[in-house]
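For reference, the structure discussed in these notes is given below.
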Amino acid sequence: MSGPPAVPDHPTPDEFLWGWDPTPGIVSVWADAGGLATVWRRRPGVEGAVREEARFRPWLLLDRLDDLAHLGDRLRPAAAGGTGITWRELAGHGALRFLVSAPDARTLKAAILHGARQRLGSRISSLRDLGAESVLSLPPEEQYLVATGRNYFRDLSFDDLRRLQFDLETQGLDPATDRIFMVAVRVPSGVVHLLEAEAISDAGEAGLIRRLCAVIRDADPDVIENHNLHGFDLPFLVRRASLLGVPLDLGRIGPPGLRQRAAFRGAPDESGRRGPRRVRYVVPGRELIDTMDAVWRYDFATRELPGHGLKAVARHLGIAAPDRELIRGDQVFQVYTTDPARVRRYAGADVEEVSALARLLGGAAFALARMAPRRYERLADAGAATGVIDPLLVRAYYRAGAALPAHDEGRQAPHAGAALYLFAAGVARRVVKADVASLYPSLMRAFRIGPSRDYLGAMIAMVDQLVELRLGAKASARAAPPGSAERHTHEATSAAMKLVVNSAYGYLAAGGGLTRFADLDAANEVTRRGREMLALICRELASRGVTLLEADTDGVYFSVPHDWAEADERRVVSEVAALLPPLVQLEFEGRYQAMLSHEPKNYALLGYDGTLVLKGVAFRSSRAEPYGRAFLRRAIASLLAGDVQGVRDAFVSTVDALRRREVTTHDVSSRVRLTKSPDRYQAIREHRREAMYEALLAHGRDDWRAGDKIRVYRAPDGWRVATEDDDPRDYHVEHYVRALRDNYGSRLARAFNGEGFAAVFADPQQPSLFETDFAAMTPTLTLLPPGG
DNA sequence: TCATACCGGGG
DNA sequence: GTGTACGGTATGA
């Protein structure tokens, strides 16, 4: 490859990121193969959206013109100003170098297929059969947005959108048999309508669906939201409406009925049911947003949510009302028959929470839609690499008039990942954490590592710009009043930029089957630089007199000598930071009284304010029994305070409490999930008995459902079911005594030598030959050999 | 015991 | 036309 080829136009990095057409206020786009784009725009504070129609020329990219040669002189160069099918050869090195367009995508497609069949045979039935290496064809809306340089939401803030939430209440989960009996609808003004079927009958349900459509048409929202909208409410509604023969007239134009698009997550495809083929519903003029997607994306970054259900998330994020009505899913309809007011409160709370959740977490997708040439609803459920970066790159090359590289499946190069070292195990004091902010994007910028085939340098230019812009967005967010729309928009912009920047590396590593510019060599170079950087940081820290504890990918824990002050800690971090390339920033992240280092990625930290944080599966197993969990926290708190006597006391008192049966049944029970239904278990019971189910049956229960969670505990003769209102304390004491030492005590073992551990966790009822002076013992730190 | 298959959510 | 990921549990060999 020679140097970068000349390209006819010179898009700016600004245009890579933001497009170039300043048209403000676009809230939805719908385009068809005939080259008609319908655009809805609104002005802040004005209730109605304006509908505009625009003509565009459908276009696609080909690797050759051969298949259009049969058109003869009906195929004309774009420069000659033809109105039929035209072509233009793009500059640069990419395989997809012919931009062809026509007034109608269908005639263009038909012409290509006609030629392709002559060349390759009749098995070619769609453009897809030509392969991604030969053709790039975008959905009509994206063709329009790429070609015009327009984007959604310019000059709008999230609160300028007209958003509507609706939530179905049904008799059950199966639309073949269960009816919709209530729908809660929150319209953009904030008013909540509770629509109810006048009777539990075909006519009653059909009337309910008609009223739902009428409320939505009246409110005329830009956006329709719910939690699991695409996984439950829409497919359920579509199915019921079809069974009842009610038209679903929800769009802003066109005939009634929802359209479908292929999606990875969504409802199962009704026709073919092999593989992960799913569909999502689409409607002209409105964006259908599932808050579960936003929750998913949020949890991917934070990994702190207890679950992804609406109620759990709302509670966790502090948007659930304190008196929030809760009803178990399988009881909703039954409660409705006896206490309908309760179900109304419940359904109303659902839509209120969805609205708050969408506002809290939906901003990132909103901000992305101001950059990438895709519909807002697509950006809300797309992965960052294929869903955001790829469209941005395609637009950058289109704008430059530059040929696009085709997907390259490439080789499956072995990929070396991040570095992980455990330098020491046991208890360390005066611990400091230092880490590199956004390590991988920083390395890409610092060493100019980008996809080798990105000859415009668009990806690095975008990462550079996003990182810089994000600093500005963060500052603007801080400057804006808390809770204001302005602050919200800036925070969302910052979050969206972080998402894109952090996925740039993932884009490289994803492999050519997924992303157009994938480059495993570049990805390997990023991780290699990362390992090198981490090793350098560790080496330089160690040479300044600290003790290294654990290093993982982009951060390192170390302990400092006893006579160092915080200023000394900060000084070594800045000294080492100064040795790194300018764009790689090592930061002082935190300091702790003490750390228990157990295994890689498994440790406990005691802050100077006394807070104890446990990290890793060894310390936070969901199956852990409450008594063990409580013991572990108490013992580790003592251990990190250097109080071995306290650890011994925690163990002895827990053992004593078990033997005196002072521990409740609940506290020795653990939560398990039932996977077999009663029927299924009965079917295999003679063949193979399973303790959990036997316990349930012995408990007199045969009405459970697959997926239910129960608590069980060990009795001397097997497993039993623990219930809320019964506390028989007939558990197998010695089983739990053993578990206390083997499952929980063992997590402190690295802080002792063998004899010390044996003494601390010795059975209090079996006096040893000599007394141990626990108060004189100190937890130890063991330096591990490199590579261990 | 280890490998793999499947789940998450919605009423 | 799409293209997730991650940690847990259940299962089967």
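Each chain gets a letter, A, B and so on, in the order the sequences are listed, and its residues count up from 1. Because the structure is predicted, anything quoted here is derived from the model rather than measured.
Going from atom CG of A/Leu357 over to atom C1' of B/dG9 covers 13 Å, rounded to whole Å. Between the P atom of C/dG3 and the CZ atom of A/Arg516 lies a distance of 15 Å, rounded to the nearest Å.
Evaluation of the salt bridge (charged side-chain N to carboxylate O under 4.0 Å, His left out) test over residues 123-136 of chain A, restricted to residues two or more places apart or in two chains, returns none.
No contact: A/Ile327 has no heavy atom under 4.0 Å from any strand. No contact: A/Leu229 has no heavy atom under 4.0 Å from any strand. Residue contacts for A/Asp174: at a heavy-atom cut-off of 4.0 Å it reaches no nucleic acid atom on any strand shown.
Side-chain contact between A/Leu62 and A/Leu96 is absent, with no heavy-atom pair separated by less than 4.5 Å.
Contact between the side-chain N/O atoms of A/Arg378 and the OP1/OP2 oxygens of C/dT2 is found at a separation under 4.0 Å.
For A/Arg128 against C/dT2, a side-chain N or O and a base N or O form a donor-acceptor pair under 3.5 Å.
Separation of the A/Phe517 and A/Tyr397 ring centroids falls under the 6.0 Å cut-off.
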Please tabulate, for side-chain N and O atoms in residues 171-180 of chain A, each donor-acceptor pair with protein atoms closer than 3.5 Å (sequence neighbours left out).
from	atom 1	to	atom 2	distance (Å)
A/Gln171	OE1	A/Arg179	N	2.9
A/Asp174	OD1	A/Ala176	N	2.9
A/Asp178	OD2	A/Leu173	N	3.1
A/Asp178	OD2	A/Asp174	N	2.9
A/Arg179	NH1	A/Asp202	OD1	2.9
A/Arg179	NH1	A/Glu205	OE1	3.0
A/Arg179	NH2	A/Asp202	OD1	3.0

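Taking atom C1' in both C/dG7 and B/dG11, one finds a spacing of 27 Å when rounded to whole Å. Distance noted for atom C1' between B/dG8 and C/dA5: 11 Å (whole Å). Rounded to a whole angstrom, the distance from the P atom of C/dT2 to that of B/dG9 is 26 Å.
When each of A/Trp296 and A/Arg261 is assigned the nucleotide of DNA chain C bearing its nearest heavy atom, the one mapping closer to the 5' terminus is A/Arg261.
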